[in-house]
Amino acid sequence: MKPKMIWSNLAVANLERTHKFYTDLGFKPNGPHTSDQLVSFFFGDNDFVIHFFLKNILESNLKPLEFCDTQKVHEIVFTLSAESKDQADEWAKEVEKAGGTIVSAPQSFGDNYYGFVFSDPDGHTFNVFHM
């Protein structure tokens, strides 16, 4: 297989809240891919796309799949690269201000690694990492 693109589809409970959270963090909306069923954003320099669908819409379109309760279980962890420790620290503040949850505070770990983990209002987990 050699797909032209890859993107992610995540289940959310509230599109308005999701749109506000990712807009407040400065992510660019994915143009026309916003409706009463989903919001979509570009992530990173290569414009990786994450679609955030209402959970019931995603489950009905991907029968018989059922999506987990992300407050209890993590279906995937995305890693976002920071350019510096200072940038990682600033992002942690932005996440909290936007309504996200800091799962683990910014800290050094391993050899020359620094970062933190946060979750969005629906519990989707992101690892911020500087090396």
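In this chain, numbering begins with 1 at the start of the sequence shown. None of these values were measured; they are calculated from a predicted model.
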| request: Just do the side-chain contact (heavy atoms from CB on, under 4.5 Å) check on I102 and E96 with the steps written out, would you? | output: CA-CA 7 Å; I102 302 299; E96 282 189 303; 3.4 Å; yes

| For L65, does the CG atom have more than 12 heavy-atom neighbours from other residues, nucleotides or ligands under 6.0 Å away? | yes

| query | Looking only at heavy atoms, what is the nearest atom pair of H51 and S40, with distance? | reply | ND1-OG, 2.8 Å

| request: Tell me, with the steps shown, if F42 and I50 meet side-chain contact (heavy atoms from CB on, under 4.5 Å). | output: CA-CA 7 Å; F42 293 113; I50 300 179; over 6 Å; no

| More than 12 foreign heavy atoms under 6.0 Å from CD of E16: is that the case here? | no

| query | Which atoms form the tightest heavy-atom contact between P106 and A92, and what is the distance? | reply | CG-CB, 3.7 Å

| message | Check this for me: M131, atom CE, are more than 12 non-hydrogen atoms of other residues, nucleotides or ligands nearer than 6.0 Å? | response | no

| When you check the side-chain N and O atoms of H74 and T125, is any donor under 3.5 Å from an acceptor? | yes

| Spacing of OG belonging to S119 relative to CD belonging to Q71, to within rounding of 0.5 Å | 6.5 Å

| message | Is there a path of hydrophobic side-chain contacts, each under 4.5 Å between heavy atoms, that joins L15 and F27? | response | yes

| said: If I take atom CG from residue N9 and atom CG from residue L62, how far apart are they, to the nearest 0.5 angstrom? | reply: 7.0 Å

| request: Taking all non-hydrogen atoms of both residues into account, name the closest pair between D24 and A98 and its distance. | output: CB-CB, 3.9 Å

| For the hydrophobic clusters of this structure (ILVMFWY residues joined by side-chain heavy atoms under 4.5 Å, transitively), does one cluster hold both F126 and F21? | yes

| task | Anything under 30° is parallel, anything over 60° is perpendicular, the rest tilted; go ahead and classify F109 against F129. | result | tilted

| Nearest-0.5 Å distance that lies between atom CZ in F53 and atom CZ in F67 | 9.5 Å

| With the threshold set at 4.0 Å, does a side-chain nitrogen-carboxylate oxygen contact exist between D122 and R17? | yes

| query | Closest approach of N14 and L54, non-hydrogen atoms and distance? | reply | N-CD2, 4.4 Å

| message | Tell me whether F118 shares a hydrophobic cluster with I76, the cluster being built from Ile, Leu, Val, Met, Phe, Trp, Tyr side chains joined at under 4.5 Å. | response | yes

| query | Could you give the distance from CD (E90) to CD (E94), rounded to the nearest 0.5 Å? | reply | 5.0 Å

| Run the side-chain contact (heavy atoms from CB on, under 4.5 Å) check on L10 and S8 step by step: do they pass? | CA-CA 6 Å; L10 299 177; S8 175; 3.8 Å; yes

| said: I'd like to know if the side chain of N46 and the backbone of F48 have a donor-acceptor N/O pair within less than 3.5 Å. | reply: no

| query | How far apart are the closest heavy atoms of V128 and A82, and which atoms are they? | reply | CG1-CB, 4.0 Å

| query | Distance-only, no hydrogens or angles: does the H130 side chain make a donor-acceptor pair with backbone N or O of Q87 under 3.5 Å? | reply | no

| note | Interatomic distance, CG@L25 vs CZ@F41, rounded to 0.5 Å, equals 9.0 Å

| query | If you measure from CG on D89 to CZ on F116, what distance do you get to the nearest 0.5 Å? | reply | 8.5 Å

| task | Please report the closest heavy-atom contact between E75 and C68, naming both atoms and the distance. | result | CB-SG, 3.9 Å

| field | Plane angle bin for F52 and F43 - parallel if under 30°, tilted between 30 and 60°, otherwise perpendicular | value | tilted

| message | Taking NZ in K20 as the centre, count heavy atoms belonging to other residues, nucleotides or ligands within less than 6.0 Å. Is the count above 12? | response | no

| message | In this structure, is the centre-to-centre distance between the rings of F78 and H124 below 6.0 Å? | response | no

| message | In this structure, would L38 and M5 fall into the same cluster of hydrophobic residues linked by side-chain contacts under 4.5 Å? | response | no

| query | Cluster question for you: counting only ILVMFWY and a side-chain heavy-atom cut-off of under 4.5 Å, with indirect links fine, are L58 and V73 together? | reply | no

| Just by distance, do the side chain of S35 and the backbone of Q37 share a donor-acceptor pair under 3.5 Å? | yes

